[in-house]
Amino acid sequence: MVAAFTETLLKIARATGRSLSDQELRRFEAHYRLLQKWSRRMNLTGLKDESMIARRHFLEPIAIADLLDDEGRLVDLGSGNGFPAVPLKVLRPGLELVLVESSEKKSAFLWAVIRELGLRKSRVETRRVRRLADLADLLPCRYLTLRAVRSGDLLKGKGIRILVPGGKGLFFVTTDEVERLRRHTPIQGLRLSGTRPLPSDPRSVLAILEPDPV
């Protein structure tokens, strides 16, 4: 099973022009093994086929890793199974990684991933985030990532900077959601600066947000 996953991952990564080092590949394999093991007793992914897992969960962060530098804090909201943030940390090991997850069970899984992969400068914050003030101690950050989170409701608020100058919000959304962001960005202090199609699904898009110029 792991061999089939590895073969698929190497093939699709090469198709994006990205080669993987031995250490990166070992860490991706370890994340995949843990995902399979823990999914037997809790809901971490609805995908069962190793090819689909490789394309959806691993290929997306591989395809956008060039947008990040190797320093600064990456805050990931609703981390769940660790995607896209853990693969981004593997590819950019100099980042400080903060995984924000409300579920204690999923937080336990994320801590297991951090330990197994040997990810330094990484931690899990188990907390329920209902408003921007709930993240005040983690902001501003250099990178903010999220997937399947209603950012417009969650990040409402004033007086708290979300990103440092030069930072990026990297939101893994649908084409409908990016259109809503394009029409009116409901997040104070951020603007939609661009998009990038994601290779896993034609309906999936990366929305790139940057701080408003002061």
Side-chain angles (χ1 to χ4, degrees), residues 27-28 30-32 34-35 37-39 41-45 57-58 60-61 64-65 67-173 177 186-190 206-211:
R27 285 175 164 168
F28 287 154
H31 192 173
Y32 174 75
L34 286 170
L35 183 69
K37 178 181 177 181
W38 283 62
S39 289
R41 59 180 187 269
M42 59 190 294
N43 182 26
L44 288 171
T45 179
H57 292 321
F58 289 89
E60 287 187 359
I64 65 98
L67 295 172
L68 291 78
D69 292 327
D70 201 29
E71 60 183 11
R73 179 187 297 156
L74 188 161
V75 176
D76 182 66
L77 299 185
S79 299
N81 53 21
F83 302 100
V86 169
L88 289 173
K89 168 67 175 177
V90 170
L91 297 168
R92 295 287 183 265
L95 291 173
E96 175 194 353
L97 177 64
V98 182
L99 301 168
V100 181
E101 172 55 47
S102 62
S103 164
E104 291 186 1
K105 290 183 179 180
K106 291 181 179 178
S107 292
F109 167 74
L110 293 170
W111 274 119
V113 170
I114 287 173
R115 289 191 295 268
E116 183 71 19
L117 274 60
L119 300 179
R120 299 180 179 179
K121 297 194 300 182
S122 301
R123 71 182 193 271
V124 183
E125 291 286 339
T126 306
R127 63 175 78 174
R128 186 170 297 279
V129 178
R130 294 185 176 90
R131 55 199 176 97
L132 193 59
D134 295 329
L135 296 168
D137 58 317
L138 303 176
L139 302 175
C141 59
R142 184 160 191 196
Y143 302 109
L144 179 71
T145 57
L146 57 84
R147 174 193 278 168
V149 172
R150 294 182 65 85
S151 59
D153 297 333
L154 191 65
L155 300 177
K156 283 183 178 178
K158 297 181 179 180
I160 299 175
R161 280 197 306 138
I162 296 175
L163 298 175
V164 300
K168 292 187 181 76
L170 302 172
F171 295 2
F172 293 70
V173 297
E177 289 168 329
I187 304 169
Q188 170 123 3
L190 300 183
L206 180 75
I208 306 166
L209 293 93
E210 296 181 355

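One-based numbering along the sequence shown.
- In this structure, R41 places its CZ atom where more than 12 heavy-atom neighbours from other residues, nucleotides or ligands lie under 6.0 Å away.
- Rounding to the nearest 0.5 Å gives a distance of 4.5 Å between CZ of R127 and CG of L138.
- Across all non-hydrogen atoms, the minimal contact from K105 to W38 is O-CZ3, 4.1 Å.
- Ring geometry, H31 versus F58: the interplanar angle exceeds 60°, so the pair is classed perpendicular (tilted spans 30 to 60°).
- In this structure the side chain of F83 reaches within 4.5 angstrom of the side chain of R147, judged on heavy atoms.
- At least one side-chain heavy atom of L206 sits less than 4.5 Å from a side-chain heavy atom of L67.
- Listed here is the closest heavy atom pair of L163 and G169: CD1-N, 3.5 Å.
- Once rounded to the nearest 0.5 Å, the distance linking NZ of K106 with CG of L44 reads 6.5 Å.
- Closest heavy-atom contact between D70 and P93: OD1-N, 3.1 Å.
- H57 contributes no side-chain N or O that, together with a main-chain N or O of G82, makes up a donor-acceptor pair within less than 3.5 Å.
- Residues A112 and L34 approach most closely at O-CD1, 3.9 Å, considering heavy atoms.
- The side-chain heavy atoms of D69 and R92, taken from C-beta on, include no pair separated by under 4.5 Å.
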Working for side-chain contact (heavy atoms from CB on, under 4.5 Å), residues E96 and R142: CA-CA 10 Å; E96 175 194 353; R142 184 160 191 196; over 6 Å; no

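- Here R73 contributes atom CZ and L139 contributes atom CG; the two are 8.0 Å apart, rounded to the nearest 0.5 Å.
- Judged by distance alone, with hydrogens and angles left aside, the side-chain atoms of K168 form no donor-acceptor pair with the main-chain N or O of I208 at under 3.5 Å.
- Rounding to the nearest 0.5 Å gives a distance of 8.0 Å between CG of L95 and CG of L88.
- In this structure, the side chains of V113 and N81 stay at 4.5 Å or more apart for every pair of heavy atoms.
- Distance alone, capped at 3.5 Å, is enough to place a donor-acceptor pair between the R27 side chain and the L117 backbone.
- Nearest approach of L97 to L99, heavy atoms of both residues: CD1-CD2, 3.9 Å.
- Among R115, E125, E101, the single residue meeting the side-chain contact (heavy atoms from CB on, under 4.5 Å) criterion with L110 is E101.
- Atom CG of D76 and atom OH of Y143 lie 14.5 Å apart (nearest 0.5 Å).
- The distance from the CZ atom of F109 to the NZ atom of K37 is 11.0 Å, given to the nearest 0.5 Å.
- In R120, the CZ atom is not crowded: 12 or fewer heavy atoms of neighbouring residues, nucleotides or ligands sit closer than 6.0 Å.
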